[in-house]
Amino acid sequence: MSILKLEDICFQYEKTPVLNHLNMEFEEHTSYAIIGPSGAGKTTLLSLLAGLAKTQEGNIYFEGKNLRDMDMYYYRSHSIGVIFQSFNLLTKLTALENVMLSMDIANVKLDDKKKQAIELLNMVGLNEEEMNRRILKLSGGQQQRVAIARALSYDPKVILADEPTGNLDAQTQDEIIKIFQQLKEQGKCVIMVTHSSTVANQADKIYELKRYKKEFDKKNV
């Protein structure tokens with residue numbers, strides 16, 4: 001069974017249609033790339049999957065349950081991990097504090113949250129000195145790694161990433177993609193919105209959105 005399923009989704013801003021009768025399915029142990037031109041609804045789709053926007057028509061199912069019938073706060077803080085294009089990290093806190101705060105918000109039950117946060121930051125490539133820096137003292141690539149660790153802090157089944165490598169150099173991009181591949185191998189469903197063909201071609205499956213079209217194209221890589 002698919003972990004996420006979109007059924008006949010329609011969405012528009014004022015009178016401008018963005019998503020029109022969209023049907024998609026996403027499974028665990030699989031990575032996906034969502035591509036398409038600007039204005040095709042890629043970020044809108046991610047917001048709907050994250051529960052940050054509501055469907056106007058159609059339904060989204062998580063593990064067979066309609067999002068309309070679910071506690072959206074619980075869904076967003078336990079089931080879905082979102083990595084925003086602008087990171088949305090708290091700049092006055094350190095990398096470690098950002099991850100620990102996310103665990104507190106999600107009410108993660110652990111005896112040693114700090115230890116778990118350190119392990120997550122180590123996994124994404126930050127050392128002890130870096131994880132104790134405030135966010136503005138970190139490079140863009142390091143901030144992206146913190147954003148990934150934060151999204152993983154409550155062990156969600158689905159990772160949503162909006163342009164996760166958009167502002168990174170080629171080497172850092174490759175390193176971030178390797179992290180996503182590791183997450184997929186651990187059983188997570190990874191969904192990335194990207195303009196990069198290099199990133200898209202690393203995914204198991206590609207969904208291509210077309211601006212104001214009724215249908216979508218699905219490509220298998």
Side-chain angles (χ1 to χ4, degrees), residues 28-29 31-34 43 46-47 49-50 52 76-203:
E28 293 176 293
H29 287 278
S31 61
Y32 299 83
I34 298 173
T43 298
L46 220 61
S47 295
L49 292 173
L52 298 172
R76 289 192 296 264
S77 62
H78 290 79
S79 304
I80 300 287
V82 183
I83 303 165
F84 298 95
Q85 186 174 2
S86 58
F87 308 142
N88 285 9
L89 298 168
L90 297 178
T91 57
K92 292 185 178 181
L93 300 182
T94 66
L96 183 60
E97 289 168 341
N98 267 272
V99 177
M100 291 179 66
L101 178 61
S102 178
M103 298 169 76
D104 288 338
I105 292 172
N107 197 27
V108 172
K109 303 296 185 182
L110 286 174
D111 292 334
D112 194 341
K113 293 180 183 178
K114 183 176 181 179
K115 179 181 178 182
Q116 177 67 12
I118 290 172
E119 289 178 357
L120 286 170
L121 288 164
N122 278 330
M123 187 193 78
V124 298
L126 265 69
N127 61 37
E128 183 177 355
E129 190 273 329
E130 292 165 342
M131 67 180 67
N132 283 293
R133 290 184 200 167
R134 290 191 178 185
I135 294 302
L136 293 180
K137 298 294 184 180
L138 297 172
S139 69
Q142 290 169 333
Q143 291 184 38
Q144 182 66 285
R145 294 168 193 271
V146 178
I148 294 171
R150 182 183 61 180
L152 295 172
S153 63
Y154 42 87
D155 196 26
K157 294 184 177 181
V158 179
I159 300 294
L160 305 174
D162 190 2
E163 294 290 353
T165 64
N167 300 313
L168 305 179
D169 59 76
Q171 179 179 340
T172 306
Q173 172 180 279
D174 291 343
E175 293 169 352
I176 296 299
I177 293 304
K178 286 180 181 178
I179 292 172
F180 287 133
Q181 289 173 337
Q182 291 170 1
L183 295 176
K184 178 199 73 172
E185 291 166 2
Q186 292 169 11
K188 298 191 184 300
C189 173
V190 179
I191 305 171
M192 302 174 287
V193 161
T194 183
H195 281 102
S196 168
S197 59
T198 301
V199 173
N201 288 332
Q202 296 295 317

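Here the structure is a predicted model, which means the values were calculated and not measured.
Closest heavy-atom contact between S153 and V108: O-CG2, 4.0 Å. Heavy-atom minimum distance, A200 versus A33: CA-CB, 3.7 Å. Taking each heavy atom of A203 and S31 in turn, the nearest pair found is CA-OG, 3.4 Å. Looking at every heavy atom in both residues, L126 comes nearest to M131 through O-CE, 3.5 Å. Closest of all the heavy-atom pairs between A50 and V82 is CB-CG2, 3.7 Å. Taking each heavy atom of A149 and V124 in turn, the nearest pair found is CB-CG2, 4.2 Å.
Note that CE of M100 and CG of L121 are 10.5 Å apart. Values are rounded to the nearest 0.5 Å. Rounding to the nearest 0.5 angstrom, the gap separating the CD atom in Q144 from the CD atom in Q85 is 9.5 Å. Interatomic distance, D162 CG to F87 CZ, rounded to the nearest 0.5 Å: 11.0 Å. E163 contributes atom CD, which lies 7.0 Å from atom OG1 of T43 (distance to the nearest 0.5 angstrom). One distance of note links CE of M123 with CD of Q182; it measures 7.0 Å at 0.5 Å rounding. For the atom pair I80 CD1 and L160 CG, the distance stands at 5.0 Å (nearest 0.5 Å).
Annotation: R134, atom CZ; neighbour count of heavy atoms from other residues, nucleotides and ligands within 6.0 Å does not exceed 12. Within 6.0 Å of CD on E129 lie more than 12 heavy atoms contributed by other residues, nucleotides or ligands.
Scored by the side-chain hydrogen bond (donor to acceptor under 3.5 Å, both in side chains) test, T172 finds D169 as partners (sequence neighbours excluded). Every residue meeting the side chain to side chain contact (heavy atoms under 4.5 Å, CB included) condition with L136, not counting sequence neighbours, appears here in chain and number order: T91. In terms of the side-chain hydrogen bond (donor to acceptor under 3.5 Å, both in side chains) criterion, N132 has no residue partners (sequence neighbours excluded). Residues that satisfy the side chain to side chain contact (heavy atoms under 4.5 Å, CB included) test with H78, not counting sequence neighbours, are Y74. Listed by chain and residue number, nothing satisfies the side-chain hydrogen bond (donor to acceptor under 3.5 Å, both in side chains) test with R150 (two or more places apart in sequence, or in another chain). Under the side chain to side chain contact (heavy atoms under 4.5 Å, CB included) criterion, L138 pairs with A95, E130, R133, I135, Q142, Q143, V146, not counting sequence neighbours. Applying the side chain to side chain contact (heavy atoms under 4.5 Å, CB included) test to E28 and every residue at least two apart in sequence or in another chain returns I3, K157. Applying the side-chain hydrogen bond (donor to acceptor under 3.5 Å, both in side chains) rule to S196 yields no partners; only residues at least two apart in sequence or on another chain are considered.
Side-chain contact between Y154 and I105 is absent, with no heavy atoms from C-beta onward closer than 4.5 Å. Taking the side chain as every heavy atom from C-beta outward, I118 and K115 never approach each other to under 4.5 Å. Put simply, the side chain of R145 reaches to within 4.5 Å of the side chain of I179, judged on heavy atoms. Considering only heavy atoms from C-beta on, F180 comes within 4.5 Å of P164 through its side chain. Inter-residue side-chain proximity for L183 and L152 is flagged as met; some heavy-atom pair is nearer than 4.5 Å.
Residue pairs meeting the salt bridge (Lys or Arg N to Asp or Glu O under 4.0 Å) criterion with at least one partner in residues 178-197, sequence neighbours excluded, are D155-K188, K184-D204. For residues 78-107, the set of pairs meeting the salt bridge (Lys or Arg N to Asp or Glu O under 4.0 Å) definition, not counting sequence neighbours, comprises D104-K113.
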